[in-house]
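It should be emphasised that the depicted structure is a prediction, and the values quoted were computed from it without experimental measurement. Residues: numbered from 1 along the sequence shown. Both counts, for ligands and for their atoms, begin at 1 and track the order of listing.
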Amino acid sequence: MIEYLPLKRITAMHADEIHQTIRQVVDGGWYLRGDATARFEEEYARYIGTKHCICVANGLDALTLILRAYIYNNILSEGDEVIVPANTYIATILSITENRLRPVLVEPRIDTLEIDDSLIEQAITPRTRAIMLVHLYGRCSYTTAIADICKRHHLLLLEDNAQAHGCTLPPPDPSSSVPYVAILSQPKTGSLGHAAAHSFYPGKNLGALGDAGAVTTDDDLLAATVRSIANYGSSRKYVFDHIGRNSRIDELQAAVLSVKLKYLDQDNARRRAIASYYNDHLNHSMPNIQWSVNNVWHIFPLLCQHRDGLQAFLAENGVQTVIHYPIPPHKQACYKEWHSLCLPITERIHAQELSIPCHQAMTDAEVEKVTEIINKFNA
Ligand SMILES: Cc1ncc(COP(=O)(O)O)c(C=O)c1O
C-alpha cells in the first residue's frame with residue numbers, strides 16, 4: 001500500500017536530530033515557556049519575514065486569538081463581518097464564529113480552488129472589517145487586487161497559513177524553469193497581511209509531533225495582546241489584563257519544529273518536483289488545476305466527476321487517498337443557518353476533490369506507480 005501520508009517515514013528522515021533534541025529537552029527539565037520556544041519563535045519569525053512570532057497550542061487557537069486580540073484592542077467588535085473562502089477547513093470559520101463575528105462566505109475559482117478575488121468587492125457591506133485569506137492546499141491566494149480592495153475599504157488582511165508554510169508570492173518570471181532560489185527570495189505567505197495564523201499539526205508541511213501553532217505579525221500591539229491572551233490574559237505574573245486562556249506550545253514541540261524548519265525548503269522542493277511530475281504525466285480527463293511555481297503542495301488535489309470510483313480503484317490498486325473535504329462548512333450540521341446558501345463551485349469541489357499522495361518521503365517509484373494507476377482509471 002502506498003500510504004497517503006506516512007508520518008513515521010517522514011519523521012525517520014531526521015530521526016537522529018529529532019531524538020537528540022527531544023533528549024536535550026527531557027534532560028534539561030524545563031518543559032514550557034523556555035529556551036526552545038524562544039528559539040523557534042525567533043527562527044520562524046525570521047523565516048516568514050515578520051517582526052513577531054507567538055507560539056500557541058494549535059492552528060485554531062492562532063486564528064481565534066488573532067481575532068480576539070483585535071476585539072480587545074477595539075479594532076473589531078461583535079457582529080463585524082469577515083470575508084472568507086467558502087471552501088476552507090472548518091477551523092477558519094470556527095475562529096470567526098467563536099468570536100461572535102460573522103463569516104461572509106465567498107466562492108473560490110474552479111481553476112485555482114482559491115478565493116475568487118473578482119467576487120470579494122460585491123460581498124463587502126458597511127460591517128465588513130477583514131478579509132481572511134486561506135492559502136488552501138499550499139497555494140498562495142493573495143493577489144494585488146485583494147490588497148487593493150483592503151486598502152480602499154480599510155479592511156484588515158489576515159492569512160490562514162495552516163497549509164502553506166514556505167509558500168511565497170509568485171516570482172516575476174513564473175515559468176516552470178524559474179530557479180528555486182528566485183522563488184525563495186519572494187515574500188512569504190504569513191507575512192503578506194496584518195497577521196497570520198499557522199498550524200503545526202503533524203500532517204502539515206512543517207509538522208510537530210503533536211499539536212502546535214503560531215501567530216506571525218509586524219504589529220507590536222497585536223503581538224503583545226495575543227501573547228497575553230495565550231497566557232491567561234497576563235503579561236506580568238499574577239496580573240490579568242484580559243480574559244485569557246491557556247494556549248501554550250510544549251518545549252518538546254518547539255525543539256522538534258526547530259529541527260524540521262531547517263529542512264522545510266528542501267521538503268517543499270521535493271513536493272514541488274512530485275507535483276510537477278503529476279502535472280506532466282497524468283493524462284486523465286479531469287479539469288486541470290492551474291499550475292503555479294510557488295505552490296508548496298501541502299495537498300495535490302484532483303477534481304474528478306467519478307471521485308468515489310477513482311478513490312475505490314486506487315485503494316484496490318494499493319494507493320491510499322484522502323478527500324479534502326467531503327462536506328463544505330455551509331452544509332455542516334453545526335451551521336444550519338447556512339444550509340440554503342447557494343455556493344455551487346464550493347459544492348462541486350467538495351463533491352469532486354481527491355487528494356493523492358504528495359510528500360517529501362515519497363520515492364520516484366511510488367510517484368510513477370500512483371501516476372500509472374490513475375492513468376488506467378476508466379470512469
Ligand atoms: C486551513 C486550516 N486552518 C486551520 C487549521 C487548524 O489547525 P489545527 O489543527 O492546528 O488547529 C487547519 C488544520 O488543521 C487548516 O487546514
Side-chain angles (χ1 to χ4, degrees), residues 4-5 7 40 44 48 53-68 82-99 101 103 105-106 108 112-115 130-142 158-167 189-190 192-193 195-216 226 229-230 245-250 252-254 256-257 260 271 295-301 322-330 332 334-335 346 349-350 353 355 358-359:
Y4 177 70
L5 190 67
L7 289 179
F40 177 68
Y44 196 63
I48 292 292
C53 166
I54 307 101
C55 282
V56 294
N58 54 61
L60 173 58
D61 275 6
L63 289 159
T64 306
L65 296 199
I66 289 172
L67 295 171
R68 187 145 315 155
V82 180
I83 290 176
V84 63
N87 62 323
T88 184
Y89 180 60
I90 198 77
T92 327
I93 313 275
L94 287 173
S95 71
I96 300 170
T97 56
E98 202 181 305
N99 279 299
L101 302 166
L105 307 180
V106 170
T112 64
L113 312 182
E114 306 299 325
I115 193 165
I131 298 177
M132 174 74 82
L133 292 179
V134 182
H135 305 299
L136 199 70
Y137 303 150
R139 184 186 187 108
C140 178
S141 61
Y142 173 98
L158 309 176
E159 296 173 89
D160 179 341
N161 199 44
Q163 300 192 1
H165 315 122
C167 181
T189 57
L192 306 177
H198 309 254
S199 161
F200 305 120
Y201 176 81
K204 302 297 193 217
N205 288 33
L206 178 59
L209 302 184
D211 274 320
V215 172
T216 53
V226 167
I229 302 171
R245 61 210 248 174
N246 172 354
S247 184
R248 294 188 286 235
I249 189 173
D250 294 342
L252 281 172
Q253 301 304 345
V256 168
L257 286 166
K260 294 186 77 177
R271 284 173 182 266
N295 193 329
V296 292
W297 302 100
H298 173 58
I299 283 169
F300 190 96
V322 177
I323 295 169
H324 293 98
Y325 301 91
I327 307 172
H330 72 285
Q332 295 289 351
C334 59
Y335 289 126
T346 298
I349 293 168
H350 286 76
E353 196 278 343
S355 310
C358 181
H359 59 81

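Here the OH-OG1 distance, from Tyr142 to Thr189, works out to 12.0 Å after rounding to the nearest 0.5 Å. Leu5 CG to Ile299 CD1: the interatomic distance, rounded to the nearest 0.5 Å, is 9.5 Å. To the nearest 0.5 Å, the span separating NE2 on His298 from CG on Leu206 amounts to 11.5 Å.
When all heavy atoms are compared, the tightest approach of Glu353 to Tyr137 is CG-OH, 3.7 Å.
Here the protein heavy atom with the shortest distance to atom 15 (C) of ligand 1 is Ala162 CB, 3.5 Å. Distance from atom 14 (O) of ligand 1 to its nearest protein heavy atom, with residue and atom name: Lys204 NZ, 3.3 Å. At the shortest separation from atom 16 (O) of ligand 1 among protein heavy atoms lies Gln163 NE2, 2.8 Å.
Heavy atoms of Leu63 come nearer than 4.0 angstrom to ligand 1 in at least one pair.
An N or O contact shorter than 3.5 Å is missing between Asp211 and ligand 1 by distance. The shortest N or O to N or O distance between Ala91 and ligand 1 is not under 3.5 Å. The shortest N or O to N or O distance between Tyr89 and ligand 1 is not under 3.5 Å. Annotation: Ser199 places an N or O atom under 3.5 Å from an N or O atom of ligand 1; distance criterion only.
Residue Leu60 approaches ligand 1 through these ligand atoms, each under 4.0 Å from one of its heavy atoms: 6 (C), 7 (O), 8 (P), 11 (O).
Contacts of Asp160 with ligand 1, taken as heavy-atom pairs under 4.0 Å, involve the side chain alone.
The neighbour count for Tyr201 OH, taken as heavy atoms of other residues, nucleotides or ligands under 6.0 Å away, does not exceed 12. Tyr325 OH: more than 12 foreign heavy atoms inside a 6.0 Å radius.
Between Phe40 and Phe200, the ring planes are perpendicular. Angles over 60° get that label, and only those under 30° would be called parallel.
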